[in-house]
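Remember, it's a predicted structure, so these values are computed and weren't measured experimentally.
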Amino acid sequence: MPKAPKTVRFETKLASEPPGSGWHFIIVEAKTGEKFEKKEGSRRVVCSINGHEGFQCALMPSGGRFYIMVSKEKRARFGISAGDGITVEL
């Protein structure tokens, strides 16, 4: 199993699908997500968006990529919405 890297940083956009829905998420490419160890069936990470405090979350696999859900409360606290460019640290 791969060992978790110290920090993975990348830039992306906050996605929403279908557009205008309540589902907001970060898309994490497979090569990035697979760097994190899988424990008890899931890959757990601490995610920081735009330098804000980190929060624990799961890398959810689907369609050859991973997804991190971003709640309405987190979007409001971080001042982000669908389509915004964000910097992510895992």
Does the side chain of Ile80 reach to within under 4.5 Å of the side chain of Ile49, using non-hydrogen atoms? yes
Is any side-chain heavy atom of Phe36 closer than 4.5 Å to one of Arg44?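 Side-chain contact under 4.5 Å: no.
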Look up atom [atom1] in [X] and atom [atom2] in [Y], then write down how far apart they are to the nearest 0.5 Å.
X: Leu90; Y: Arg43; atom1: CG; atom2: CZ; value: 12.5 Å
X: Met60; Y: Ile26; atom1: CE; atom2: CD1; value: 10.0 Å
X: Phe10; Y: Glu29; atom1: CZ; atom2: CD; value: 8.5 Å
X: His24; Y: Lys74; atom1: NE2; atom2: NZ; value: 14.0 Å

Over all atoms of both residues, closest heavy-atom pair of [X] and [Y]:
X: Asp84; Y: Ser81; value: OD2-N, 2.8 Å
X: Arg75; Y: Val70; value: NH1-O, 2.9 Å
X: Cys57; Y: Ile68; value: SG-CG2, 3.6 Å
X: Gly64; Y: Ala30; value: O-CB, 3.1 Å

Val28 backbone acceptor or donor facing Thr32 side chain under 3.5 Å: no
Measure from the side-chain N and O atoms of Ser42 to the backbone N and O of Ala58, and report whether any donor-acceptor pair falls under 3.5 Å. no
Please identify each residue that fulfils side chain to side chain donor-acceptor pair (under 3.5 Å) with Glu89, with sequence neighbours left out. Arg9
Can you name the side chain to side chain donor-acceptor pair (under 3.5 Å) partners of Arg77, sequence neighbours left out? Glu53, Glu73
Hey, could you give me each pair passing ring-ring contact (aromatic ring centres under 6.0 Å, His included) that has a residue in residues 52-74? Not counting sequence neighbours.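 Listed by first then second residue: Phe25-Tyr67, His52-Phe78.
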Flag yes if Val88 and Val46 sit in one hydrophobic cluster, no otherwise; membership is Ile, Leu, Val, Met, Phe, Trp, Tyr, and two members link when side-chain heavy atoms are under 4.5 Å apart. no
